[in-house]
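Note that ligands are numbered from 1 as they come in the structure, with each ligand's atoms numbered from 1 the same way.
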Amino acid sequence: MDNIILIGFMGCGKTTVGLKLSYRLRRTVVDTDKEIEKEEKRVISDIFATDGEEYFRDRETACLRKMLGSMSNQIISVGGGLPLREENRALLRKLGQVFYLRARPETIYERVKHDTTRPLLQGPDPQEKIRTLLTKRDGAYTEAADVIIDVDDKDFGQILCEIEENVNGFRVEEE
Ligand code: S3P
């Protein structure tokens, strides 16, 4: 399918890039976290606290399956842990072209240090947690990706241009 999919660690910019890209390419943007929160009628930190991470991971897989049957020509940004399941990586490949927004741990820490909505980063040493998780996850992100975009030290304009240059079949439409 011809969707554009954004993956990467928490705080790498998927949501903002998705919104800006949606405006530039005139495609709708959908976010798996927001879809799950809508269906569950509660926020992610409540889902983790009440039903645990595995329950949330199952909801992510269910969300992708549903998208596979219904979405084309859209932008999909996915939660940072979603590509870790092999099954999810296969579903992502079927859904469209996958862009990995790759960031260094320092960049991520700067962006998420005041955030209270991500349960996995609420422990006593978020910097160490980011380093450990990122090391564990980078292989899965790379495996899932069709294109890797390094986002460190780049503004959103540069990141969007790099994505657009790599979108399959992308055509610049003059205003
Ligand atoms: C998670 C990332 C979050 C959200 C949940 C778990 C993760 O999404 O799905 O808190 O495991 O990396 P964002 O990447 O949009 O922050």
Answer yes or no: is there a side-chain heavy-atom contact under 4.5 Å between Cys12 and Lys14?
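Yes. Closest side-chain heavy atoms under 4.5 Å.
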
List the steps, then state whether side-chain hydrogen bond (donor to acceptor under 3.5 Å, both in side chains) holds for Asp138 with Tyr100.
CA-CA 10 Å; Asp138 182 66; Tyr100 169 22; 2.6 Å; yes

Table of N or O contacts for ligand 1, cutoff 3.5 Å:
residue  : atom   : partner : partner atom : Å
ligand 1 : 8 (O)  : Asp33   : OD2          : 2.7
ligand 1 : 9 (O)  : Asp33   : OD1          : 2.7
ligand 1 : 9 (O)  : Asp33   : OD2          : 3.3
ligand 1 : 11 (O) : Arg57   : NH2          : 2.6
ligand 1 : 11 (O) : Gly81   : N            : 3.4
ligand 1 : 11 (O) : Arg137  : NH2          : 2.8
ligand 1 : 12 (O) : Gly81   : N            : 3.2
ligand 1 : 12 (O) : Arg137  : NH1          : 2.7
ligand 1 : 12 (O) : Arg137  : NH2          : 3.4
ligand 1 : 14 (O) : Lys14   : NZ           : 2.5
ligand 1 : 14 (O) : Gly80   : N            : 2.8
ligand 1 : 15 (O) : Asp33   : OD2          : 3.1
ligand 1 : 16 (O) : Arg118  : NE           : 2.6
ligand 1 : 16 (O) : Arg118  : NH2          : 3.2

Set of residues satisfying side-chain contact (heavy atoms from CB on, under 4.5 Å) with respect to Pro105, sequence neighbours excluded
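Only Ile130, Arg131, Leu134 meet the side-chain contact (heavy atoms from CB on, under 4.5 Å) criterion with Pro105.
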
In chain order, what residues pass the ring-ring contact (aromatic ring centres under 6.0 Å, His included) check against Phe56, with sequence neighbours excluded?
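Listed in chain order: Phe48.
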
All N/O donor-acceptor pairs, side-chain side in residues 83-92, below 3.5 Å, sequence neighbours left out:
residue : atom : partner : partner atom : Å
Arg85   : NH1  : Asp58   : OD1          : 3.2
Arg85   : NH1  : Thr61   : OG1          : 2.9
Arg85   : NH2  : Glu54   : OE1          : 3.3
Arg85   : NH2  : Asp58   : OD1          : 2.7
Glu87   : OE2  : Arg65   : NH2          : 2.1
Asn88   : OD1  : Thr61   : OG1          : 2.8
Asn88   : ND2  : Leu82   : O            : 2.9
Arg89   : NE   : Glu143  : OE2          : 3.3
Arg89   : NH1  : Pro83   : O            : 3.0
Arg89   : NH1  : Leu84   : O            : 3.0

Check Thr32 against Val78 and note the closest heavy-atom contact, atom names and distance.
OG1-CA, 3.3 Å

